[in-house]
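For reference, the structure is listed below as structure tokens.
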Number of protein chains: 4
Amino acid sequence: MDGKRGRKRSEQARVAILTATVDELTDKGYDSLSIEGIAARAGVGKHTIYRWWGSKGALIADCLVENLLPSPAYEPPDTGDVRADLTRWLGEAMDLIDDRTNRDVFRALVGAAAENPSVAEALNAQLGVLSALVRRLATASHAELRTSGGSLDALATAVTGTLIMRLLSPESMPGPSADQVVALLLPPGPDAPDR
Amino acid sequence: MDGKRGRKRSEQARVAILTATVDELTDKGYDSLSIEGIAARAGVGKHTIYRWWGSKGALIADCLVENLLPSPAYEPPDTGDVRADLTRWLGEAMDLIDDRTNRDVFRALVGAAAENPSVAEALNAQLGVLSALVRRLATASHAELRTSGGSLDALATAVTGTLIMRLLSPESMPGPSADQVVALLLPPGPDAPDR
Amino acid sequence: MDGKRGRKRSEQARVAILTATVDELTDKGYDSLSIEGIAARAGVGKHTIYRWWGSKGALIADCLVENLLPSPAYEPPDTGDVRADLTRWLGEAMDLIDDRTNRDVFRALVGAAAENPSVAEALNAQLGVLSALVRRLATASHAELRTSGGSLDALATAVTGTLIMRLLSPESMPGPSADQVVALLLPPGPDAPDR
Amino acid sequence: MDGKRGRKRSEQARVAILTATVDELTDKGYDSLSIEGIAARAGVGKHTIYRWWGSKGALIADCLVENLLPSPAYEPPDTGDVRADLTRWLGEAMDLIDDRTNRDVFRALVGAAAENPSVAEALNAQLGVLSALVRRLATASHAELRTSGGSLDALATAVTGTLIMRLLSPESMPGPSADQVVALLLPPGPDAPDR
DNA sequence: TTGTAAACGAGACGGTACGTCAGGTCTTGAG
DNA sequence: CTCAAGACCTGACGTACCGTCTCGTTTACAA
């Protein structure tokens, strides 16, 4: 009478579905994504998907949670030099975005987030930027940053927002470089020219 | 013998279609948007839409071009005080975003841009922010800004990116306030406390 | 592992579709017949029709096979008097044709057969006339018929052809009566006037 | 003030339209026939067709009247031997029907007649069989026919009906031969075997 | 000559139906 | 009780024609 009777949920099916989701998302983008296609690619009945997820958004959110999508958020380095560390991190994130394949997945992801609040939430949660980045920045002395503690959030948001702008821009107009962004957001380093 | 024969394109139909597109977009978001629905709401044959646009993206891009969507880009004020002007502009933009209805349209718009490069292009073009805002900031003295001329672009991008982040965030986590953002992006004013 | 998995075909849907086909055919004739209309009337998805039939012709042919259309072919009586039996049968068939409703269905049927070879085949097969009638005529003595065995087929064809001519004629010009047809096709009976 | 002003009806357009109708009918059959296709093939505006005809049926009926369709009705020969003449005529008519191209047009024609009473009427009128054939048969002595005058009509109908049956039959089951039909419909000739 | 009225080609328009595809639900039989 | 398979109803897709309606052009009678 308890909840443990019957066949157990198939881990194999679960993984196959999430994997197929990522693959389809990569191949076709968000709104050409079809449950039917995912089911077919995963070799799974549609019902199995609906039983456990129930919507495209939930699927993608789960992919995020399981870290199956190329993550824009890896731990920033900490060499002691905030400017250098942030510049490096930002440059690498931009390279990640500029890659054709990732670009398409990220765009699909933003599309999903824009349409589906629950994806947006998962994306925000996953977007470790807002934590990993903040964590790194928090180690910096006040002298190195321009803003006081409360607006570390503003800094992280500006960085992430800049990346999203780059993502949504045509390749021909990529927007500001990592250097320019850092120059804007952080005060000049001790060895910087006076102006 | 030239190409001008036959009945002329109906301006009335053109406008009805674009209007209906905006309405449907507002009501249902980008990926529940259907050509069929637009045609029905506009009182128009589907073929008339396909004849002139041929895709959801093109339709939306055209709406942008025709300024039919609630524009996030109005002319920033110029009182001489950059900090105050930018703070005001940003605050109003945030209010615009925070409004339920606009929020949905903007999200749909970002979704469309993420899925459809041509919409992205139109959106970037339309996003007067990058011109109107830059125009205002360019009038400021170097002393008022933190960055030299070349990275005005970085500044505008950071501002816009911050707004998009707010748009994609759950209402419960709106992110930094206008004040915080300005404090980050502009150097302290003359009457600001020293630190 | 075999081919029996999945939900079974719905008999209810099958019957509803064939019934709706007959109704629509009766109401609107063959070339105003629409799959969409049939699906709607049957309360069925179009796909279900296309899954199993794939064309208007196949649908109608199936209706014929299932005897859902008013049949022009009922068993001819056998009183021993071929002339009388044939005359009666023919008269009743003509009455059937002369009825407005049946007339429309039959015409639609002929239209379908003329456009669609597979309907033609089904119609020919179903047109029991060529079997039921021949069966009856075959019981007659040679003296009663004018032709030898091999051309019973010719006789049945002439009878059916005469009926089709009547079907395609305007009501104001119905063509020969049953008596006249029988007088043409069978030799005078023993009690007939000499000339 | 009278009705004679303005441009005259273009004979060239009229002919082009009827010709195109025949061609399209030959190529695609009745229910794949489109006014749009006819207009395009004739190099004519659709309105010109609708102005003068207004329906597919009327077009086809006009083609019949203008004798633009391969006629099944040519004058039967008169050698003095009714059996031989009728057999010959019937054989040639069957050959006409058996030809692939004609077969398709005739079937389209029957389809049109079945759907459209006005075509049926034109077809009946045109189907000279009922006049040309009757004319020939009427010259025969009573001894040569089996039926008295009044049912010449029955005879002609049986002949025509037999041809239509052949038209609607699959090629693999062409039905009775000309000889068989004549043997059924006419009394044995003077030199025929007794039974 | 010069109206002016009708017919013409072209083709846009609001519609209906096409045949296909995917969505989400339900049913079946195997595990 | 889950799974794969797959039939089901729903509804949108993009296309093809429908029959109507302008357009600008061409023709030909009437003033």
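By convention in this document, chain letters (A, B, ...) are assigned in the order of the sequence lines, proteins followed by strands, and residues within each chain are numbered from 1. Only this structure's heavy atoms are used, side chains among them; waters, hydrogens and symmetry mates stay out.
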Residue E36(B), side-chain atoms from C-beta onward, closest of dC26(E), dA12(F), dC18(E) = dA12(F)
Nearest-angstrom distance from the residue atom CD of E11(D) to C1' of dT27(F) = 16 Å
Could you tell me whether D27(A) and R41(A) have a side-chain N and a carboxylate O separated by less than 4.0 Å?
-> yes
Would you call R107(C) and E115(D) a salt bridge, taking side-chain N to carboxylate O under 4.0 Å as the test?
-> no
DNA chain F: 5'-proximal contact among S34(D) and W52(A) (nearest heavy atom) = W52(A)
Whole Å only: how far is the CD1 atom of I49(A) from the P atom of dT25(E)?
-> 13 Å
Between the side-chain atoms of K46(C) and the base atoms of dG19(E), is any donor-acceptor pair under 3.5 Å?
-> yes
Specify the residue among R9(C) and Y50(B) whose closest nucleotide of DNA chain F lies further upstream toward the 5′ end.
-> R9(C)
Whole Å only: how far is the CG atom of L59(D) from the C1' atom of dC18(F)?
-> 14 Å
Closest heavy-atom pair and its distance - P170(D), N124(C) | CD-ND2, 3.6 Å
For the side chain of H47(A), counting heavy atoms from C-beta on, which of dA22(E), dG14(E), dC26(E) is nearest?
-> dC26(E)
Indicate, with a heavy-atom threshold strictly under 4.0 Å, whether G43(D) touches base, sugar-phosphate, or nothing.
-> sugar-phosphate
No-H, no-angle donor-acceptor pair, R7(D) side chain to dT26(F) base, under 3.5 Å = yes
Can you check the L33(B) CG to dC13(F) C1' distance for me, whole Å?
-> 13 Å
Within the pair R51(A) and dC3(F), is there a side-chain N or O less than 4.0 Å away from OP1 or OP2?
-> yes
Does a nitrogen or oxygen in the side chain of T48(C) sit under 4.0 Å from OP1 or OP2 of dC9(F)?
-> yes
Flag yes if more than 12 heavy atoms outside E66(B) fall under 6.0 Å of its CD atom; otherwise flag no.
-> yes
Relative to the 5' end of DNA chain E, which residue comes earlier, K8(B) or I35(A), by the nucleotide with the nearest heavy atom?
-> K8(B)
